[in-house]
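What you see is a predicted model; the values in this text were computed from it and never measured. When reading the values below, keep in mind they use all heavy atoms of this one structure, side chains included, and skip hydrogens, waters and symmetry mates.
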Amino acid sequence: MKASRRTFLTWLGLLPAGFLLFSRKYPVEAAGPLKLDDPTAQALCYRLKTSQVDKSDPRCSRFEPSQNCANCKLYLAAPTAPQGPCQIFQNKIVPAEAWCNAWVPRD
Ligand code: SF4
């Protein structure tokens with residue numbers, strides 16, 4: 001077997017291992033950004049910044065100033081990540097400083 005063919009087959013054999021390593025590091029396939037006009041986002045008082053939350057709006061009634069996506073259990077990224085996928089919105093991307101009425105405390 002020629003060296004170039006052997007090298008090619010070796011790299012080809014490493015592809016599944018590379019895929020497994022990559023999928024462990026990034027287990028969540030993120031969708032695009034969550035849009036403000038998403039009907040579920042509107043129903044759950046989704047806001048890009050916590051300063052935009054109007055607690056007098058009944059949809060936003062659960063808001064507390066200490067809450068944001070970064071400290072929400074449904075935020076599927078490290079708390080220090082500037083943005084990440086949200087589980088309740090089918091892994092659409094939300095900013096760390098955003099919020100919605102489905103907030104759950106992170107463990
Ligand atoms: S469920 Fe949590 S992470 Fe998702 S938008 Fe609401 S507060 Fe942010």
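- Among all heavy-atom pairs drawn from V53 and W99, the shortest one is CG2-CE3, 3.8 Å.
- In this structure, C72 and C86 have their SG atoms no less than 2.5 Å from one another.
- How far CD of Q87 is from NZ of K92: 15.0 Å, rounded to the nearest 0.5 Å.
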Requested in this report: With side chain to side chain contact (heavy atoms under 4.5 Å, CB included) as the test, would you mind laying out the steps for D37 and Q42 before giving the verdict?
Outcome: CA-CA 6 Å; D37 62 357; Q42 289 188 342; 4.1 Å; yes
Between F89 and C100, does the side chain to side chain contact (heavy atoms under 4.5 Å, CB included) criterion hold? Intermediate values first, please.
CA-CA 11 Å; F89 292 113; C100 87; 4.0 Å; yes
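- Between atom CG of residue L74 and atom CG of residue N91 there is a gap of 10.5 Å, rounded to the nearest 0.5 Å.
- When every heavy atom of Y46 is checked against every heavy atom of P95, the shortest pair comes out as OH-CD, 3.2 Å.
- The backbone N or O of A81 lies less than 3.5 Å from a partner atom in the side chain of Y75, making a donor-acceptor pair.
- Ionic pairing of D57 and R59 is present here: one or more N-O contacts between side-chain nitrogen and carboxylate oxygen are shorter than 4.0 angstrom.
- In plain terms, the two heavy atoms of W103 and R62 that are nearest each other are O-NH2, 3.1 Å.
- Going from atom CG of N68 over to atom OG of S51 covers 11.5 Å, rounded to the nearest 0.5 Å.
- The shortest heavy-atom contact between Q67 and T50 is O-CG2, 3.2 Å.
- F63 is not connected to L44 by any chain of hydrophobic side-chain contacts under 4.5 Å among Ile, Leu, Val, Met, Phe, Trp and Tyr, and they are in different clusters.
- Pairing each heavy atom of D38 with each of T40, the nearest pair is OD1-N, 2.8 Å.
- Residues V104 and L76 do not share a hydrophobic cluster, clusters being chains of Ile/Leu/Val/Met/Phe/Trp/Tyr side chains in contact below 4.5 Å.
- The nearest pair of heavy atoms linking K55 to C60 is CG-O, 4.0 Å.
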